[in-house]
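Inspection log for the structure reproduced underneath, given as structure tokens.
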Amino acid sequence: MTLAWGRRFLMCPPLHFEVAYEINPWMQAEVRVDRDQAHEQWNSLVATLTEAGAEVEILEPAPDVPDLVFTANAGVVSGTRYIPSRFRHPERRLETPFHVAHFEAAGYEVTELPEGLDHEGAGDALPFAGTLISGYRWRSDIEAAAALASLTGASTRSVELVDQRLYHFDLTFCPLDDRRAICAPLGWDSYGQRVIGDLVPEPLCLENDEALLFCANSVVVDQTVVMPACPPRVGNQLEAWGFDVVVVDVSEFLKAGGGPRCLTLALDVVLGG
Ligand code: ARG
């Protein structure tokens, strides 16, 4: 049984991508992005996802919002409902009008989170076997999970993120199917580790150095796992489970603290159904 979602993604070409501010420990504003390289890497991610059988829809690029490429943070999608993110950092709040305009034009029903609650979308909320698992602390508020539950009908569990280098949940968790997920316990407190332990019968637990290579920030399309890096130990386990691993070079995007998963937003998710 493969994942029920992950065959349709929203992505934004890196026309205006740069590291212009520092809101996570990986970002250094003096570091230059090689835009040509970024375009090449982004195009080859699109090609890889397409080859694996996924469709890619485009969010129009816009100037002065360099992190717009990280569409995982646009919000939470469930069927034809779209819940825009409420970004913690003012730099990223500027993206929201572009996100909302896109989803309105695409015919989605746009539903807002309650005022005063931060939540950074699919970057901090991933469906696994009927439960929406939501990470909180660095970017999202714990209370936002309850709001998402009542807006979508999903049952949710919350996991506290404790390592600032793994500031979004999608840097620590990657659903592979209904029983398996790539897990980075380094990012979770001990209670969160228990929550995930209870939910995931067959975890592929990353060592700390593997987690910091963003191995969990992978995109799964059916049997294909598209990864920013894949140490042999991790690849062997994935292959033993019947997955095909494709490693993509996303070095330009790592300068902003993002990997392949951050560059995609799954559009074919139905929560609470
Ligand atoms: N520079 C972006 C930020 O710090 C990277 C976002 C990564 N996205 C993700 N889903 N993990 O907000």
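Being a predicted model, the structure only gives us computed values, none of them experimental. Atoms within a ligand are numbered from 1 in the order they appear, just like the ligands themselves.
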* Do Arg180 and Glu202 meet the salt-bridge criterion of a basic N to acidic O distance under 4.0 Å? -> yes
* To do: Below 4.0 Å from any atom of ligand 1, which residues have a heavy atom? Give them in chain and number order, please.
  => Ile23, Asn24, Met27, Asp67, Phe70, Ala72, Asn73, Arg92, Gly123, Arg139, Tyr167, His168, Asp170, Ala256, Gly257, Cys262
* Asked: Partners of Ile142 by side-chain contact (heavy atoms from CB on, under 4.5 Å), sequence neighbours excluded?
  -> Tyr136, Ser158
* Test ring pair (Phe, Tyr, Trp, His ring centres under 6.0 Å) applied to Phe243 - qualifying residues, sequence neighbours left out -> none
* To do: Run through Arg93, Arg88, Arg86 and flag the one making a side chain to side chain donor-acceptor pair (under 3.5 Å) with Asp118.
  => Arg88
* Asked: For Leu68 and Ala62, which heavy atoms make the closest approach, and how far apart are they?
  -> CD2-N, 3.8 Å
Sequence neighbours excluded and cut-off under 3.5 Å, please list the side-chain donor-acceptor pairs for residues 15-29, or say none.
from  : atom 1 : to     : atom 2 : distance (Å)
Tyr21 : OH     : Asp67  : OD2    : 2.8
Glu22 : OE2    : Ala29  : N      : 2.8
Asn24 : OD1    : Trp26  : N      : 2.8
Asn24 : OD1    : Met27  : N      : 3.2
Asn24 : ND2    : Tyr167 : OH     : 3.1
Asn24 : ND2    : Ala256 : O      : 3.0
Trp26 : NE1    : Arg165 : O      : 2.8

